[in-house]
Amino acid sequence: VKDNIDTADAMHTTAGSFALADSRPAGDAFLIERLRAGGAVILAKSNLSAWANIRSSRSVSGWSPRGGLTRNPHALDRSASGSSSGSGVAVAADFCAGAIGTETSGSIISPSSANGIVGLKPTVGLVSRTGIIPISHSQDTAGPMTRTVEDAAIMLNALAAEDGRDSATRDVDSRRPPDYTKFLDPNGLRGARIGVDRRAFGRHPAVAELANDAIRTLRDLGAEVIDSVMIEPTDDLRRDSFQLLLWELKNDMASYLETRRDQSPRTLSDLIEYNSSHADREMVFFGQETFLQAEEKGTFDDEIYLKALENVQRQSRDEGIDKAMSEHSLDALVAPSSAPAWSIDLVNGDARTGGPNSAWYPAMAGYPHITVPMGDAFGLPVGLSFYAGAWQEARLIELAYAFEQATQARTVPTMLTSLRLA
C-alpha cells in the first residue's frame with residue numbers, strides 16, 4: 001500500500017516525509033477497511049515520490065526523505081517513475097500479489113507502464129479517498145496496480161464502494177457492476193470502436209512503433225480503429241490545471257491533517273516550516289517551491305479558483321473526452337502510456353521527455369484509464385493506455401483484457417545493474 005494511505009497498525013503513513021513520522025492516523029483508510037474485509041493481507045507500505053510528487057517541480061520520481069530511492073527492477077539505473085513508484089516496483093518484482101497506488105495526474109499510469117504492469121486509475125469517486133493524504137479532490141483517486149488485468153478487476157471489486165465520508169462516492173453502488181471479473185472476455189475487442197489519440201506518439205520513436213503494432217493487433221482482434229482522434233490542450237488549460245492543483249493542495253491538505261490523532265503538522269504552512277527547519281534531510285535534492293506557490297492561494301469561493309475549475313472540467317470533459325467519444329461513437333481511446341523509463345538523476349531531477357502524455361486528459365476529467373504492457377523498447381517496458389468516459393471501468397477492463405490475452409507482452413524484470421551493461 002502506497003505510503004500516503006492511512007493504516008491503523010504498526011506501520012507509519014508519512015507521504016515519505018519525516019514530518020509525519022511521529023504521527024498516527026485515527027484509523028484505517030476506507031479502502032483499507034474494504035481490503036481487509038475482503039481477506040487481503042496488508043504486507044507493507046511502499047515508498048513514493050515525496051508528497052506524491054507535488055512538493056517541487058524538480059522532484060526525483062521514486063525518492064522520498066524517509067524511504068530513499070526506489071529503482072526500476074528492469075534496470076536499476078532507471079527511474080521507477082512517480083509517484084506510485086514503490087507500488088509499481090513491488091508488483092513488478094513479485095513482492096506482492098497486487099498493490100494500491102494513487103493518482104492525481106499520471107501517478108498510477110506512469111509507474112505501471114515504466115515497470116511493465118497493469119495499472120487502473122478509476123473514475124474519481126469510484127474509490128473512497130477517506131484516509132488518503134491528498135493533493136486534489138477534483139483529481140485524486142486510488143487504484144489497483146497488478147501483474148494482470150484479472151487481478152486488477154478482482155482488487156477493484158473490493159475497492160469500489162460508497163463511503164459516507166467521501167461525497168464523491170455517492171451512488172457508486174448503483175453505478176458499478178456487481179463483479180468486474182465478469183468482463184474478462186478474450187473476445188472483448190470484437191466490434192469495439194477504438195479512437196487513436198496520437199498526441200503521445202511523439203514522445204519516443206520506439207514507443208510509437210510499438211503503439212502502431214498494438215493498433216494493428218486491435219484491428220486483428222476485431223476492433224474498428226478510428227485514427228487520429230486528437231484532443232488538443234490550450235494554453236489556458238495548462239495554466240488553469242496547475243492552479244487548480246495548487247488551490248486544492250493547500251485546502252485539502254489542511255482538512256486531512258486535522259484528522260491525525262496527535263500534534264502533527266496541521267496545515268501546509270506547518271509542513272513548509274518543518275521542511276525549512278529540516279532541510280538537511282527533507283530537501284536534499286530539491287526544494288518545495290510548489291508548496292510555497294500553493295500556500296499563497298485562497299479559499300474555494302475565490303472567483304479565480306472557480307473559473308479555473310470550470311475551464312478544466314469543461315475542456316477535459318465536454319470539449320475533450322466526452323466530445324471525442326460521442327462524435328466518433330467510441331468505446332475507448334488508446335495511446336502509448338509513457339516513454340521508456342529515464343535514467344535516474346538526483347541532481348537534475350526527472351528527465352522531461354518531449355510531448356504530451358496520455359494520462360493528462362483522463363486525470364483532469366476524473367475519468368477512468370487503464371494501462372497494460374504492450375512490449376519493450378531497448379529492454380524497458382512500455383504500456384498501452386485505454387481510457388473513456390466516467391464510470392466505464394468495466395468496458396476498459398474488457399478491452400484491456402482482450403489485448404493482454406492476445407499479446408502476453410509483460411516481461412519479467414531481470415534486475416540489470418544498468419542497460420549499458422546488458
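Note that these values count all heavy atoms, side chains included, but never hydrogens, waters or copies made by symmetry.
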Classify the ring geometry of Trp63 against Phe285: parallel below 30°, tilted from 30° to 60°, perpendicular beyond 60°.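 Perpendicular, since the angle between the ring planes exceeds 60°.
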Any idea how Phe378 and His204 line up, ring-wise: parallel (<30°), tilted (30 to 60°), or perpendicular (>60°)?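 Ring orientation of Phe378 relative to His204: perpendicular.
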Will you find, in the side chains of [X] and [Y], an N or O donor that is under 3.5 Å from an N or O acceptor?
X      : Y      : result
Asp197 : Tyr361 : no
Thr267 : Glu295 : no
Lys2   : Thr102 : yes
Thr169 : Asp163 : no
Thr104 : Ser136 : no
Asp350 : Ser61  : yes
Tyr387 : Gln392 : no
Lys45  : Thr13  : yes
Ser84  : Glu103 : no
Ser81  : Ser110 : yes
Ser241 : Arg239 : no
Glu289 : Ser57  : yes
Asn47  : Arg66  : no
His74  : Thr414 : no

Side chain proximity check, [X] to [Y], heavy atoms < 4.5 angstrom:
X      : Y      : value
Phe286 : Val60  : yes
Leu31  : Ser128 : no
Asp331 : Glu398 : no
Val124 : Ser138 : no
Val149 : Leu184 : yes

Should Glu150 and Thr181 be marked as a side-chain hydrogen bond (donor to acceptor under 3.5 Å, both in side chains) after you check the CA-CA gap, both sets of side-chain angles, and the distance that decides it? CA-CA 7 Å; Glu150 180 180 13; Thr181 66; over 6 Å; no
More than 12 foreign heavy atoms under 6.0 Å from [atom1] of [X]: is that the case here?
X      : atom1 : answer
Asp94  : CG    : yes
Glu310 : CD    : yes
Asp235 : CG    : no
Arg170 : CZ    : no
Glu273 : CD    : no
Glu303 : CD    : no
Leu306 : CG    : yes

Consider side chain to side chain contact (heavy atoms under 4.5 Å, CB included). Of Met11, His12, Arg260, which one does Arg24 pass it with?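 So the option named by the test is His12.
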Hey, which of Asn4, Asn53, Ile108 is the one that makes side chain to side chain contact (heavy atoms under 4.5 Å, CB included) with Ser83?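 Filter result, single survivor: Asn53.
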Enter the distance from Ser64:OG to Leu48:CG here, rounded to the nearest 0.5 Å.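 If I round to the nearest 0.5 Å, the distance is 5.5 Å.
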Can you see which heavy atom on [X] is nearest to which on [Y], and at what distance?
X      : Y      : result
Glu404 : Val118 : OE2-CG2, 4.1 Å
Arg410 : Ala92  : NH2-O, 3.3 Å
Ser17  : Asn275 : OG-OD1, 4.5 Å
Pro373 : Gly116 : CG-O, 3.5 Å
Phe403 : Leu218 : CD1-CD2, 3.9 Å
Leu120 : Pro122 : O-CD, 3.3 Å

Where do Met253 and Trp51 land on the side-chain contact (heavy atoms from CB on, under 4.5 Å) test, with the steps shown first? CA-CA 11 Å; Met253 184 67 75; Trp51 294 104; 3.9 Å; yes
Is a salt bridge present between Asp171 and Arg176, judged by a nitrogen-to-oxygen distance below 4.0 Å?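 Salt bridge: no.
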Side-chain ion pair, Asp140 and Arg129, N-O less than 4.0 Å: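 Not counted as a salt bridge, because no side-chain N and carboxylate O are separated by less than 4.0 Å.
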Step-by-step side-chain hydrogen bond (donor to acceptor under 3.5 Å, both in side chains) determination, Ser23 to Asp262: CA-CA 6 Å; Ser23 171; Asp262 41 34; 2.9 Å; yes
Answer yes or no for Arg281 and Phe18: cation-pi contact, defined as NZ/CZ to six-membered ring centre under 6.0 Å and angle to ring axis within 45°.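 Here Arg281 passes the 6.0 Å and 45° test against Phe18.
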Show, in sequence, the C-alpha distance, side-chain angles and deciding distance for Lys323 and Asp318, and conclude whether the salt bridge (Lys or Arg N to Asp or Glu O under 4.0 Å) test is met. CA-CA 6 Å; Lys323 181 180 179 181; Asp318 301 347; over 6 Å; no
List the steps and the verdict of salt bridge (Lys or Arg N to Asp or Glu O under 4.0 Å) for Asp322 and Arg317. CA-CA 5 Å; Asp322 292 340; Arg317 296 176 183 178; over 6 Å; no
Would you check, one step at a time, whether the test side-chain contact (heavy atoms from CB on, under 4.5 Å) holds for Glu393 with Thr123? CA-CA 8 Å; Glu393 285 81 5; Thr123 304; 2.7 Å; yes
Mind checking what makes ring-ring contact (aromatic ring centres under 6.0 Å, His included) contact with His328, not counting sequence neighbours?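 Checked His328 against ring-ring contact (aromatic ring centres under 6.0 Å, His included); zero matches.
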Derivation and outcome, side-chain contact (heavy atoms from CB on, under 4.5 Å), residues Leu237 and Asp240: CA-CA 5 Å; Leu237 179 60; Asp240 285 349; 5.6 Å; no
Run the side-chain contact (heavy atoms from CB on, under 4.5 Å) test on Tyr367 and Leu396 for me, step by step, so that the C-alpha distance in whole Å, both residues' side-chain angles and the decisive distance to 0.1 Å come before the verdict. CA-CA 11 Å; Tyr367 285 177; Leu396 294 183; over 6 Å; no
Quick one, Asp77 with Ser343, criterion side-chain hydrogen bond (donor to acceptor under 3.5 Å, both in side chains). Give me CA distance, side-chain angles, the key distance, then yes/no. CA-CA 6 Å; Asp77 64 340; Ser343 297; 5.1 Å; no
Test side-chain hydrogen bond (donor to acceptor under 3.5 Å, both in side chains) applied to Ser385 and Ser337, step by step: CA-CA 5 Å; Ser385 281; Ser337 301; 2.7 Å; yes
Determine, stepwise, if the pair Tyr256 / His137 fulfils ring pair (Phe, Tyr, Trp, His ring centres under 6.0 Å). CA-CA 11 Å; Tyr256 168 81; His137 64 264; over 10 Å; no
